[in-house]
Amino acid sequence: KEENQKKGSVLFKGENIMSKTQCKRVILYLEENKSLTSKKASTKLGIDRLAARIYELSQIGYVFNRQRKRVKNRFGEKCLITEYSMESHP
């Protein structure tokens with residue numbers, strides 16, 4: 001039986017409970033905040049694979065902006081990160 005998408009909920013067929021819960025956390029965070037990085041997702045939301053959650057959400061109709069930013073890591077080395085913001089949702 002196919003699950004129906006309801007406004008304000010995230011439903012996946014065949015996905016595990018943890019993935020659904022993490023996707024809901026991402027959506028709620030981005031609805032209240034401007035953007036989210038992998039580091040923020042890990043420290044604030046307990047999500048270590050943000051790109052995977054963004055991909056899953058994009059598969060069901062969410063649209064995200066991705067901006068690459070150059071920052072320094074904890075060792076002072078330059079590196080690139082991706083900052084996500086939500087453009088639209090189903």
Side-chain angles (χ1 to χ4, degrees):
K1 179 180 174 185
E2 295 265 341
E3 294 184 51
N4 294 321
Q5 173 93 19
K6 295 179 183 177
K7 188 173 182 173
S9 67
V10 182
L11 300 174
F12 296 91
K13 184 179 179 187
E15 293 292 327
N16 64 43
I17 290 283
M18 183 62 71
S19 179
K20 290 183 202 178
T21 302
Q22 290 183 359
C23 286
K24 287 179 186 178
R25 282 189 224 148
V26 169
I27 291 166
L28 290 173
Y29 186 88
L30 286 174
E31 285 176 343
E32 294 189 13
N33 299 276
K34 186 176 178 181
S35 63
L36 184 61
T37 64
S38 289
K39 184 175 181 179
K40 280 184 191 174
S42 181
T43 58
K44 294 182 181 246
L45 306 176
I47 298 171
D48 289 326
R49 296 187 62 225
L50 178 61
R53 303 297 79 86
I54 295 293
Y55 173 78
E56 290 170 349
L57 289 166
S58 68
Q59 293 298 299
I60 60 169
Y62 287 83
V63 179
F64 297 92
N65 293 316
R66 293 163 176 83
Q67 183 176 2
R68 300 287 282 174
K69 290 191 168 188
R70 193 170 297 277
V71 298
K72 289 186 179 181
N73 65 17
R74 63 182 172 178
F75 304 108
E77 303 162 335
K78 293 178 184 177
C79 62
L80 285 173
I81 64 166
T82 302
E83 186 174 67
Y84 299 93
S85 60
M86 190 163 44
E87 185 176 312
S88 65
H89 54 81

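Atom set for the values below is all heavy atoms of this structure, side chains included, hydrogens, waters and symmetry mates excluded.
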- Message: Looking at Arg70, I'd like to know if its CZ atom is crowded, meaning that more than 12 non-hydrogen atoms belonging to other residues, nucleotides or ligands lie closer than 6.0 Å.
- Response: no

- Using a cut-off of 6.0 Å, state whether more than 12 heavy atoms not belonging to Glu32 lie near its atom CD. no

Give, for atom [atom1] of [X] and atom [atom2] of [Y], the distance between the pair rounded to the nearest 0.5 Å.
X: Thr43; Y: Asp48; atom1: OG1; atom2: CG; result: 10.0 Å
X: Leu57; Y: Gln59; atom1: CG; atom2: CD; result: 10.0 Å
X: Thr82; Y: Leu50; atom1: OG1; atom2: CG; result: 9.0 Å
X: Ile27; Y: Leu36; atom1: CD1; atom2: CG; result: 12.0 Å
X: Ser35; Y: Met86; atom1: OG; atom2: CE; result: 12.0 Å
X: Lys40; Y: Asn33; atom1: NZ; atom2: CG; result: 7.0 Å

- Any chain of hydrophobic side-chain contacts (each under 4.5 Å) joining Tyr29 to Tyr55? no

- Query: Would you call the rings of His89 and Tyr62 parallel, tilted or perpendicular, where under 30° means parallel and over 60° means perpendicular?
  - Reply: tilted

- Please report the closest heavy-atom contact between Phe64 and Leu30, naming both atoms and the distance. CE2-CD1, 3.6 Å

- Smallest separation among heavy atoms of Cys23 and Glu56, with atom names: SG-OE1, 3.4 Å

- Message: Can you list, by chain and residue number, the hydrophobic cluster partners of Ile81 when the side-chain cut-off is 4.5 Å?
- Response: Val71

- State whether the side chain of Arg53 and the backbone N or O of Gln22 hold a donor-acceptor pair below 3.5 Å, judged by distance alone. no

- Arg66 and Ile54, any side-chain heavy atoms less than 4.5 Å apart: yes

